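Down below is the structure, laid out as structure tokens.
Order of appearance sets the numbers: ligands from 1, and atoms from 1 within every ligand. As the structure is a computational prediction, the values presented were derived from the model and not from experiment. FYI, the numbering just counts along the sequence from 1.
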Amino acid sequence: MKKDGFTPDPVATLAAAMHEVGAIAARLVRADHEIPVRPCLDPATVVEEFELGLGEDGQPLDRVLHDLERILLASPATAGPRFWNQLFGGREAAATAADMLASVANHSMYTLKVAGPQVTLERIVLDRMMAIAGFVGGEATLAPGGSISNLGAMLIARNVASGDARDAGLHAIRGRVYTSGESHYSVRKAAMIAGIGRENCVDIAIDAQGRMRPDALDAALRADRAAGALPMMVNATAGTTVRGAFDPIDGIADVCATHGVWLHVDGAFGGSLLLSPRARHLLAGLERADSFTWDAHKLMGVPLLCSALMVRRRGLLTTHFGESASYLFQGDDEAVDPGRRSLQCGRRNDALKLWAAWRHHGDRGWAARVDRQLTLARSLAARVEGHPRLVLVEAPASLNVCIRVPGADATAVCAWLAREGEHLVGHATVRGETVVRVAVVDPAHTEADLAQLLHDLDRAGQALGGR
Ligand SMILES: *Cc1c(COP(=O)(O)O)cnc(C)c1O
């Protein structure tokens, strides 16, 4: 490194670093299986312990790469046999490789001019997703996560309902959004961002399985109309975050049609079940929705983040998210520049990883992947049912298995498993009760992993409950 801070040969330096990164990545992947649960580092001491501070003087690149490996090896493994904590997990090889290359290539996905064929790859994956979701002829964009996709849908629904909110703001309009009490918090947050207000997010009653009740939705819409409020959007969830429940889209679409309200389907989690002919009936009625969120970074194993937002009516994304900027959009056909349809300006290339995984699997491979996930979830539920002490809270609606550990608090059970270095698993609330929630999303899990999880949940229960 020269005194002025510039490397003498940036090309050779980066090429050598990439070579080393490949070796580090391979070691990380192996470590995820060898030491799947690592001690949780105390944020107060990690800086000293790992010497992470930033100072006046820089460090040589090989030292930095070494630091990266140390700290990554001490961070939670999200792709090992003991990770059940999230709605993502595991790695798709082609997608992971493509994502690393996307960083090297570093395109910003707003114009054909600076992203070239990458724009076409994005269109190809979105067209494929729209075909599978029944949104042919519509319009779509990739977004950094389901929360942003849901927000985008709500902004359009709001603009459409109000007529001129895009330009004039909301004035004194009291807009309302309807969603079930078990829907994702991003819906409420989007209502805040969209200027509708969190209090105008109406919780619609659910049935015993955690699905929105269309009759309760109808009653809420009638009451609001009578009170002079403006219904802007109904959010139906396809795969709720805790129970994996699917709101009945068809019945909800009937109500939306009666009241002329925008229907959005939040399939951030469960949208991927469309890929399985065995499971896609759970989203029956989707063809009647106005917009749809589908995350590829959850059940499809694509690295974070990768979410699709689609709208049925072509032109809506461009109309509501398009801006003119002569410094950026320089004369290309409006239809080819994805930056005319996105909420962001600069956009990371989230398409390449999804395209690479799809190229590798094909539709058939995806179906097999989803079926494997469903089989594992069902098997786990059956194992819990057959267990002498653990209790299955309810039959799983899709991939989420909620488990009661009698005699022990689920929060303490999860903390115990993490502390003992056994599993990372989360807890959640079902009908007022805190339970262990296992999301079976990594198809690399085995029957032996399932058995191990239950064995350790039982051990935790015995250790904590003194059974
Ligand atoms: C995960 C999830 C979201 C949020 O998606 P992100 O990609 O994490 O922003 C929204 N809705 C549901 C149902 C989810 O499961």
Side-chain angles (χ1 to χ4, degrees), residues 78 84-90 95 99 129 133 140-155 157 177-194 198 201 203-204 206 209-212 233-249 252 263-274 279 282-283 286 289 291-310 342-344 347-348 350-351 353-354 370 373 377 396-402 426 428-430 437-442:
T78 63
W84 319 88
N85 204 75
Q86 235 59 43
L87 300 183
F88 70 89
D99 200 30
M129 292 175 99
T141 181
L142 284 180
S147 299
I148 304 300
S149 291
N150 286 344
L151 170 65
M154 195 181 294
L155 291 169
V177 170
Y178 309 81
T179 191
S180 93
E182 296 203 354
S183 63
H184 190 263
Y185 73 77
S186 57
V187 177
R188 194 162 279 100
K189 188 181 281 195
M192 177 273 287
I193 302 169
R198 296 170 70 256
C201 218
D203 269 6
I204 303 301
I206 51 176
Q209 281 78 46
R211 299 170 298 200
M212 185 194 286
M233 182 179 111
V234 171
N235 175 69
T237 307
T240 57
T241 310
V242 173
R243 291 208 250 177
F246 284 72
D247 289 345
I249 302 173
I252 292 169
L263 172 58
H264 175 67
V265 174
D266 176 5
F269 177 42
S272 300
L273 268 62
L274 287 170
L282 289 166
L283 290 102
L286 179 62
S291 54
F292 180 46
T293 292
W294 173 1
D295 278 7
H297 68 238
K298 287 181 173 169
L299 296 185
M300 296 168 84
V302 168
L304 294 151
L305 295 157
C306 192
S307 176
L309 164 63
M310 48 192 87
S342 65
L343 280 171
Q344 315 101 283
R347 280 196 323 136
R348 188 178 150 77
D350 292 333
K353 55 196 174 188
L354 181 53
V370 171
Q373 290 162 325
S398 51
L399 299 173
N400 301 6
V401 181
C402 294
T429 309
V430 176
R437 182 209 59 171
V438 182
V440 189
V441 299
D442 183 354

Taking the side chain from R437 and the backbone from T241, do they hold a donor-acceptor pair closer than 3.5 Å?
-> yes

Quick one: look at I148 and ligand 1, take heavy-atom pairs under 4.0 Å, and tell me if it's side chain, backbone, both or neither.
-> neither

Numbered atoms of ligand 1 (with element) below 4.0 Å of A268, judged on heavy atoms = 2 (C), 3 (C), 10 (C), 11 (N), 12 (C), 14 (C)

Can you find an N or O of S186 that's nearer than 3.5 Å to an N or O of ligand 1?
-> no

Rounded distance [0.5 Å steps], CG in N85 versus OG1 in T78 = 10.5 Å

Ligand-side contact atoms (ligand 1) for residue partner T241, heavy atom cut-off under 4.0 Å = 12 (C), 13 (C), 14 (C), 15 (O)

Region of L87 that comes within reach of ligand 1 [heavy atoms, distance under 4.0 Å] | side chain

Do me a favour and list the nearest non-hydrogen protein atom to atom 6 (P) of ligand 1 with residue, atom name and distance?
-> G146 N, 3.2 Å

Do Q373 side-chain atoms and L299 backbone N/O form a donor-acceptor pair below 3.5 Å?
-> yes

For atom 14 (C) of ligand 1, what's the nearest protein heavy atom and its distance?
-> K298 NZ, 2.9 Å

Would you check if the side chain of K353 reaches a backbone N or O of L305 as a donor-acceptor pair within less than 3.5 Å?
-> yes

F292 side chain reached by M129 side chain, heavy atoms, under 4.5 Å | no

Nearest to atom 11 (N) of ligand 1, what protein heavy atom do you find, and at what distance?
-> D266 OD2, 2.6 Å

For ligand 1, the portion of S147 having any non-hydrogen atom under 4.0 Å away = both

Find out whether V265 and M310 are in side-chain contact, i.e. whether some heavy atom of one side chain is under 4.5 Å from a heavy atom of the other.
-> no

For F269, the atoms of ligand 1 under 4.0 Å from one of its heavy atoms are 15 (O)

Contact check, G239 vs ligand 1, heavy-atom distance below 4.0 Å = yes

For T293 and H264, test the side chains for any donor-to-acceptor distance below 3.5 angstrom and give the result as yes or no.
-> yes

Quick one: are R211 and I252 in side-chain contact, heavy atoms under 4.5 Å?
-> no

May I ask you to list the atoms of ligand 1 that are less than 4.0 angstrom from any heavy atom of H297?
-> 7 (O)

For atom 4 (C) of ligand 1, the protein heavy atom that lies nearest, with its residue and separation | H184 CE1, 3.3 Å

Is there a donor-acceptor contact under 3.5 Å linking the side chains of N150 and D266?
-> yes

Near G145 (heavy-atom distance under 4.0 Å), the atoms of ligand 1 are 7 (O), 9 (O)

